[in-house]
Amino acid sequence: LLDRKDLRSHAEGIFRAFKATAESSPGQFERLMCAVDFYHSKPLQIALVGPRESAATQALIDAVFAAYRPNKVVAWSADAAGDDAIALLRGKKPIQGEPAAYICAGYQCGKPTTSAADLRAQLGSK
């Protein structure tokens, strides 16, 4: 979410510290195993931009969470996100005044959409 190497390094240290114990008793470390899975995956990144009270924004949010999709990162901003925003939201803005969703991987984003139906279709192929 933050694209910070120091936090990634800290997570790697935690994985190393608990490796032997988690290998011998993985059922007691299910959250750690989920974190390791996330670490080794290329998480789907979804940036949403639009006013929270907007029905169109809520429709986009509902589309993102309509189906189970592990290893995703979702970030939201009410309006255009400037250079001070978290990495995933940087430069994202509504499209012609409409709330928008951006699907990204490795902080590289495809064409944004303002349609919840289109977003669901795009997410169905991910």
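In this chain, residues are counted from 1 in sequence order.
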For this session: List, by chain and number, the other hydrophobic cluster members for Y39, where Ile, Leu, Val, Met, Phe, Trp and Tyr join if side-chain heavy atoms come within less than 4.5 Å, directly or indirectly.
Result: I14, F15, F18, F29, L32, M33, V36

For this session: Indicate yes or no: at least one non-hydrogen side-chain atom of V74 is less than 4.5 angstrom from one of I61.
Result: no

For this session: Kindly give the heavy-atom pair with the smallest separation between S41 and P43, and that separation in Å.
Result: O-CD, 3.2 Å

Exercise. Between the side chain of S24 and the main-chain N/O of T21, is any donor-acceptor distance below 3.5 Å?
Worked result: yes

Exercise. Got T114 and Q96 here, is their nearest side-chain heavy-atom distance under 4.5 Å?
Worked result: no

For this session: Please lay out, stage by stage, how K72 and L123 fare under the test side-chain contact (heavy atoms from CB on, under 4.5 Å).
Result: CA-CA 11 Å; K72 71 176 173 291; L123 290 172; over 6 Å; no

For this session: Compare every heavy atom of K92 with every heavy atom of A47, then report the nearest pair and how far apart it is.
Result: CB-CG, 4.1 Å

For this session: Could you tell me which non-hydrogen atom of P51 sits nearest to which non-hydrogen atom of W76, and how far apart they are?
Result: C-CZ2, 4.5 Å

For this session: May I ask you to decide if V73's main-chain N or O and Q45's side chain share a donor-acceptor pair within less than 3.5 Å?
Result: no

Problem set entry | T57 side, atom OG1; E98 side, atom CD - distance, nearest 0.5 Å | 9.0 Å

Exercise. Roughly how far, to the nearest 0.5 Å, is the CD1 atom of I103 from the CD atom of Q108?
Worked result: 15.0 Å

Seminar exercise, completed: Contacts of E23 meeting salt bridge (Lys or Arg N to Asp or Glu O under 4.0 Å) (sequence neighbours excluded), chain-then-number -> K19

Exercise. Which atom names give the shortest non-hydrogen contact between R69 and G124, and what distance separates them?
Worked result: NH2-N, 4.2 Å

Seminar exercise, completed: salt bridge (Lys or Arg N to Asp or Glu O under 4.0 Å) pairs touching residues 49-65, sequence neighbours excluded, are none

For this session: Quick one: pull up CD1 in I46 and CZ in F65 and give me the separation to the nearest 0.5 Å.
Result: 7.0 Å

Exercise. Nearest 0.5 Å, what's the CD1-OG distance between I95 and S115?
Worked result: 13.0 Å

Problem set entry | Pairwise distance CG(D118) to CD(Q122) - rounded to 0.5 angstrom | 4.5 Å

Seminar exercise, completed: When every non-hydrogen atom of A75 is compared with those of L88, the smallest separation belongs to CB-CD2, 3.9 Å

Seminar exercise, completed: OH (Y102) and CG (L89) are apart, to the nearest 0.5 Å, by 10.0 Å

Exercise. Taking all atoms of both residues into account, what is the closest heavy-atom pair of A56 and P99, and its distance?
Worked result: CB-CG, 3.8 Å

